[in-house]
Peer 1: 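One structure, as structure tokens, below. Some questions next.
Counting begins at 1 with the first residue of the sequence. Everything quoted here is computed from the prediction, not taken from an experiment.
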Amino acid sequence: MKDIFSDLYDRVLSFFTAQTADETKTVAKSRLRTVLMQDRVGFSERAMQMLKDDMLESISRYLEIDIDSFDLSIDAGENTTILNLSIPVLRTKTDEEIDEAIAIAQNKNIEKTNEIVGELKELVKEKAQELAGQMSEQDEEKKKKIQNMLNNYNI
């Protein structure tokens with residue numbers, strides 16, 4: 001039954017694409033497997049892609065892999081869920097390459113952290129200025145304290 005559906009799908013798809021039969025069959029099987037996996041496990045395509053990207057990023061720090069042949073699938077049994085990985089390894093990376101990849105990842109994290117801190121500082125500054133603007137003239141002393149706090153924290 002599975003082969004009949006796959007063959008039918010390949011034939012229908014071949015009318016709409018200029019791909020060879022082998023390419024069409026591979027794409028169709030991949031799509032069908034993804035749809036079936038999502039139905040069985042309840043794992044969205046977006047979540048699956050994010051998981052795959054995270055794994056590729058992590059594994060690529062230590063090994064040179066064939067990304068085009070990387071395959072990740074989730075199968076659901078009666079009482080279990082199984083994560084299947086096929087990772088074609090081209091070669092292991094040297095310690096220097098690993099250290100460099102880790103340093104690059106750490107720098108990306110630092111940049112992202114600094115970006116978030118900058119955004120938070122702006123939000124705090126805007127909120128403080130908004131609150132200061134709402135204070136009456138009697139609260140002039142509080143305004144000065146708020147401004148001093150902002151200055152002390154370089155906001």
Side-chain angles (χ1 to χ4, degrees), residues 1-131 146 148-155:
M1 178 84 169
K2 183 177 169 184
D3 292 331
I4 294 170
F5 179 73
S6 179
D7 187 54
L8 178 63
Y9 184 80
D10 289 344
R11 289 179 189 206
V12 170
L13 199 62
S14 69
F15 285 109
F16 301 105
T17 64
Q19 295 177 332
T20 65
D22 288 339
E23 290 173 343
T24 302
K25 185 176 181 178
T26 303
V27 169
K29 282 184 178 182
S30 175
R31 289 180 182 163
L32 179 60
R33 193 173 1 154
T34 301
V35 169
L36 291 173
M37 179 269 311
Q38 290 171 355
D39 286 344
R40 289 185 197 151
V41 180
F43 209 57
S44 73
E45 186 173 341
R46 179 176 175 264
M48 187 69 162
Q49 187 61 46
M50 290 171 64
L51 176 63
K52 183 178 179 180
D53 292 345
D54 286 347
M55 287 186 163
L56 280 171
E57 181 181 337
S58 179
I59 293 167
S60 293
R61 285 187 198 128
Y62 306 98
L63 303 168
E64 186 175 320
I65 61 174
D66 181 3
I67 294 174
D68 295 331
S69 298
F70 179 92
D71 186 41
L72 176 135
S73 63
I74 297 178
D75 295 321
E78 287 185 29
N79 298 322
T80 60
T81 300
I82 300 169
L83 175 66
N84 296 309
L85 289 171
S86 175
I87 308 168
V89 177
L90 302 174
R91 70 176 184 87
T92 59
K93 291 189 175 182
T94 64
D95 287 344
E96 292 80 19
E97 290 174 311
I98 293 170
D99 291 341
E100 182 180 340
I102 290 171
I104 289 170
Q106 287 174 340
N107 286 338
K108 285 181 183 177
N109 287 339
I110 289 169
E111 288 174 12
K112 187 64 176 173
T113 301
N114 289 337
E115 182 182 317
I116 291 169
V117 167
E119 290 174 8
L120 288 173
K121 281 183 177 183
E122 282 299 314
L123 287 172
V124 168
K125 184 177 181 178
E126 289 173 14
K127 193 64 175 174
Q129 289 173 344
E130 181 183 315
L131 289 172
I146 291 172
N148 286 336
M149 284 175 35
L150 290 173
N151 291 337
N152 289 337
Y153 291 104
N154 295 322
I155 298 177

Peer 1: In chain order, what residues pass the salt bridge (charged side-chain N to carboxylate O under 4.0 Å, His left out) check against Lys108, with sequence neighbours excluded?
Peer 2: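 Result, salt bridge (charged side-chain N to carboxylate O under 4.0 Å, His left out) vs Lys108: none returned.
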
Peer 1: Are Leu56 and Ile65 packed together at the side-chain level, in the sense that at least one heavy-atom pair is separated by less than 4.5 angstrom?
Peer 2: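 They are in contact (side-chain heavy atoms under 4.5 Å apart), so the answer is yes.
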
Peer 1: Taking side chain to side chain contact (heavy atoms under 4.5 Å, CB included) as the definition, give me every residue that meets it alongside Asp53, ordered by chain and number, with sequence neighbours left out.
Peer 2: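 If we apply the side chain to side chain contact (heavy atoms under 4.5 Å, CB included) test to Asp53, skipping adjacent residues, the hits are Gln49.
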
Peer 1: Report the residues that fulfil side chain to side chain donor-acceptor pair (under 3.5 Å) with Asn114, sequence neighbours left out, ordered by chain and then residue number.
Peer 2: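 Testing Asn114 for side chain to side chain donor-acceptor pair (under 3.5 Å), a comparison that skips the adjacent residues, returns none.
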
Peer 1: How long is the gap from NZ on Lys52 to CG on Leu85, to the nearest 0.5 Å?
Peer 2: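 That separation rounds to 10.5 Å.
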
Peer 1: Not counting sequence neighbours, which residues clear salt bridge (charged side-chain N to carboxylate O under 4.0 Å, His left out) with Glu126? List them please.
Peer 2: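 Testing Glu126 for salt bridge (charged side-chain N to carboxylate O under 4.0 Å, His left out), a comparison that skips the adjacent residues, returns none.
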
Peer 1: Identify, with sequence neighbours excluded, every residue that meets side chain to side chain contact (heavy atoms under 4.5 Å, CB included) alongside Gln106.
Peer 2: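 Result, side chain to side chain contact (heavy atoms under 4.5 Å, CB included) vs Gln106: Ile102.
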
Peer 1: Nearest 0.5 Å please: distance from the CZ atom of Phe70 over to the CD1 atom of Ile87.
Peer 2: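 Going from CZ on Phe70 over to CD1 on Ile87, the span is 5.0 Å.
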
Peer 1: Which residues satisfy the salt bridge (charged side-chain N to carboxylate O under 4.0 Å, His left out) test with Glu57, sequence neighbours excluded?
Peer 2: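 For Glu57 the salt bridge (charged side-chain N to carboxylate O under 4.0 Å, His left out) partners, ignoring immediate neighbours, are Arg61.
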
Peer 1: Quick one: does any side-chain atom of Ser58 pair with a main-chain N or O of Asp54 as donor and acceptor, under 3.5 Å?
Peer 2: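 Not at all, since once roles are kept as given, no pair shorter than 3.5 Å links the two residues.
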
Peer 1: Only pairs at least two apart or in different chains count here, so list each salt bridge (charged side-chain N to carboxylate O under 4.0 Å, His left out) that has a residue in residues 92-107.
Peer 2: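 Matches after skipping sequence neighbours: Arg91-Glu97.
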
Peer 1: I'd like to check the salt bridge (charged side-chain N to carboxylate O under 4.0 Å, His left out) partners of Glu115; sequence neighbours left out, ordered by chain and number.
Peer 2: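 So Glu115 forms a salt bridge (charged side-chain N to carboxylate O under 4.0 Å, His left out) with Lys112.
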
Peer 1: Would you call Glu130-Lys127 a salt bridge at under 4.0 Å N-O?
Peer 2: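 The answer is yes: the pair qualifies as a salt bridge.
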
Peer 1: Mind checking what makes side chain to side chain contact (heavy atoms under 4.5 Å, CB included) contact with Ser69, not counting sequence neighbours?
Peer 2: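 Only Asp66, Pro88 meet the side chain to side chain contact (heavy atoms under 4.5 Å, CB included) criterion with Ser69.
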
Peer 1: List for me each residue that meets side chain to side chain contact (heavy atoms under 4.5 Å, CB included) alongside Thr92, sequence neighbours excluded, and say none if there are none.
Peer 2: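 Side chain to side chain contact (heavy atoms under 4.5 Å, CB included) check on Thr92 returns Leu63.
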
Peer 1: When rounded to the nearest 0.5 angstrom, what is the spacing between CG in Leu83 and CE in Met55?
Peer 2: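 Here the rounded value is 4.5 Å.
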
